[in-house]
Q: 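I'd like to ask some things about the structure below.
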There are 2 protein chains.
Amino acid sequence: MSKKPKVKRVVKPELQAKGHMRTRAAHATELAEDYVEVISDLLDEHGEARVSDIAARIGVTHVTVTKKVSLLARDGLVTTKPYRSIFLTDLGREVARRSRERHQIVVDFLVKLGVPKDAAHTDAEGIEHHVSSVTLEAFKRFVKDEVNGAS
Amino acid sequence: MSKKPKVKRVVKPELQAKGHMRTRAAHATELAEDYVEVISDLLDEHGEARVSDIAARIGVTHVTVTKKVSLLARDGLVTTKPYRSIFLTDLGREVARRSRERHQIVVDFLVKLGVPKDAAHTDAEGIEHHVSSVTLEAFKRFVKDEVNGAS
DNA sequence: GTATATTTGTAGCTAATGCTAATTTTTTTA
DNA sequence: TAAAAAAATTAGCATTAGCTACAAATATAC
């Protein structure tokens, strides 16, 4: 039977597996980063980060937030006291800083590329966690470089 | 006390929530897409897609694959028979096609941007699922457009 | 200061992704 | 063809992310 076309060998399997594993690892951290980013924003804006405000920004119920926050506390990113505002630890602040920086780079990059601002923001939310440092540098270069879309 | 700096209002909360919700939705589909893509590749290359090969490419145990495959079958993306190769349904093939197309665009885009091939592939794995159609179009434009890095 | 409203927390559920260990089926090899 | 090897399945566990419903604490209003 004519089975076994053996078309193009796209990528090496191990490399592919590595890619998927990296994606999985990214997933593990990205939700935490999102929370920390939101908490950081709220602290900047209101001086406190309440469960219900976090919930509103992330689009989940307050219960989900409470649960996640306790995991973040376990992992040393935030401090909590019952019925009190959530605050960031030093580590949490550092994660927030890097996260926000990366987010901004991705947004700027997409905007410069011609993506509408709203879409840029939404897409950045998803993309930012999957960008390696090499790619991030490339993004930065592109944003800085003035000679790009120069018709 | 001097609390309440009220710095920059970055994004509207509802918009931000929407972004996070979209990211969550993307997560729900992206693993399925990864599997379908891998299965499609294996079918092209060997005429069959075995559990152990899928496991090797994705980097998980064969048990995890078996479980996920049964969910994919439930969702109408693949067909399975015990101890036999997995095949794609029409829907599965369509998903694979679109997925691969998107993947390729992202890879080409990153490469054109100056990201090394290996990193481009790895990053694309994570990024491809979070790219809206608007952004994808922008990527395409950038790849096609010859006047970019033109010094 | 008490009553009401808001906010936070807890209990208990579903579903998905991962794993190891043990079993069963299929394939290969001697 | 019978034994050994390889591959797939099943059972059962842990973790995480969601939810609703209910209880407790805090804040607000009168």
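Sequence lines set the chain letters: A, B, ... in the order given, protein chains first and strands last, and positions in each chain run from 1. Since the model is a prediction, treat every value here as computed from it, not as a measurement. All values below come from the heavy atoms of this structure, side chains included, with hydrogens, waters and symmetry mates left out.
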Q: Working note: K68(B) + D34(B), criterion salt bridge (charged side-chain N to carboxylate O under 4.0 Å, His left out); need CA distance, chi angles, decisive distance, verdict.
A: CA-CA 11 Å; K68(B) 183 63 186 174; D34(B) 285 343; over 6 Å; no

Q: Salt bridge check: are R22(A) and D123(B) linked by an N-O gap of less than 4.0 Å?
A: yes

Q: Considering only dG18(C), dT26(C), dT16(D), which nucleotide approaches the side chain of R74(A) most closely?
A: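 From the listed options, dT16(D) comes nearest.
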
Q: Could you tell me the separation between the NE2 atom of H46(B) and the P atom of dA7(D), rounded to a whole number of Å?
A: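 Result: 13 Å.
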
Q: Take the protein atom NE2 of H27(B) and the nucleotide atom P of dT16(D), then report the distance between them rounded to whole Å.
A: 16 Å

Q: Answer yes if the ring centres of H130(B) and H27(B) are under 6.0 angstrom apart, and no otherwise.
A: yes

Q: Less than 4.0 angstrom between a side-chain N/O of R84(B) and OP1 or OP2 of dT27(C), yes or no?
A: yes

Q: Tell me whether the ring of H62(A) lies stacked over the dT7(C) base, given a 5.5 Å limit on centroids and a 30° limit on the plane angle.
A: no

Q: Using a cut-off of less than 4.0 Å, is there contact between a side-chain N or O of R24(B) and OP1 or OP2 of dG18(D)?
A: yes

Q: Please report the C-alpha distance between E94(A) and R97(A) in whole Å, then the side-chain angles of each, then the deciding distance to 0.1 Å, and finally whether the salt bridge (charged side-chain N to carboxylate O under 4.0 Å, His left out) criterion is met.
A: CA-CA 5 Å; E94(A) 180 57 20; R97(A) 195 189 57 71; 2.8 Å; yes

Q: Heavy-atom distance under 4.5 Å between the side chains of L42(B) and R57(B), does that happen here?
A: yes

Q: Rounded to the Å, how far apart are Y83(A) OH and dA25(D) P?
A: 6 Å

Q: Contact class for S52(B) (heavy atom, under 4.0 Å): base, sugar-phosphate, or nothing?
A: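 Touches sugar-phosphate only.
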
Q: To the nearest angstrom, how far is K81(B) atom NZ from dT24(C) atom P?
A: 23 Å

Q: Tell me whether the side-chain N/O atoms of T61(A) come closer than 4.0 Å to OP1 or OP2 in dG18(D).
A: no

Q: Round to the nearest Å and state the distance from E33(B) atom CD to dT17(C) atom P.
A: 13 Å

Q: Side-chain N or O of T66(B) less than 4.0 angstrom from OP1 or OP2 on dA8(D)?
A: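 Negative; the distance criterion is not met.
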
Q: Assign each of A49(B) and T64(A) to its nearest nucleotide of DNA chain D by heavy atoms, then name whichever residue's nucleotide is nearer the 5' end.
A: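 On the 5' side of the pair lies A49(B).
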
Q: With sugar-phosphate meaning primed atoms plus P, OP1 and OP2, does V63(B) contact a base, only sugar-phosphate, or nothing at under 4.0 Å between heavy atoms?
A: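 The residue V63(B) makes base contact.
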
Q: Looking at every strand, decide which applies to K68(B) at a 4.0 Å heavy-atom threshold: base, sugar-phosphate, or nothing.
A: sugar-phosphate

Q: If I take atom CG in residue L31(B) and atom P in nucleotide dA17(D), what distance separates them, rounded to the nearest angstrom?
A: 15 Å

Q: Rounded to whole angstrom units, what separation is found between the CD1 atom of I58(A) and the P atom of dC19(D)?
A: 11 Å

Q: Among the nucleotides dA24(D), dT24(C), dC19(C), which one has an atom lying closest to any side-chain atom of K67(B)?
A: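 Of the candidates, dC19(C) comes closest.
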
Q: Quickly work out the R50(B) CZ to dA7(D) P distance and round it to whole Å.
A: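 Answer to the nearest Å: 6 Å.
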
Q: Measure from the side-chain heavy atoms of L71(B) and tell me the nearest of dA8(D), dT17(C), dA17(D).
A: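 Ranking dA8(D), dT17(C), dA17(D) by closest atom to the L71(B) side chain puts dT17(C) first.
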
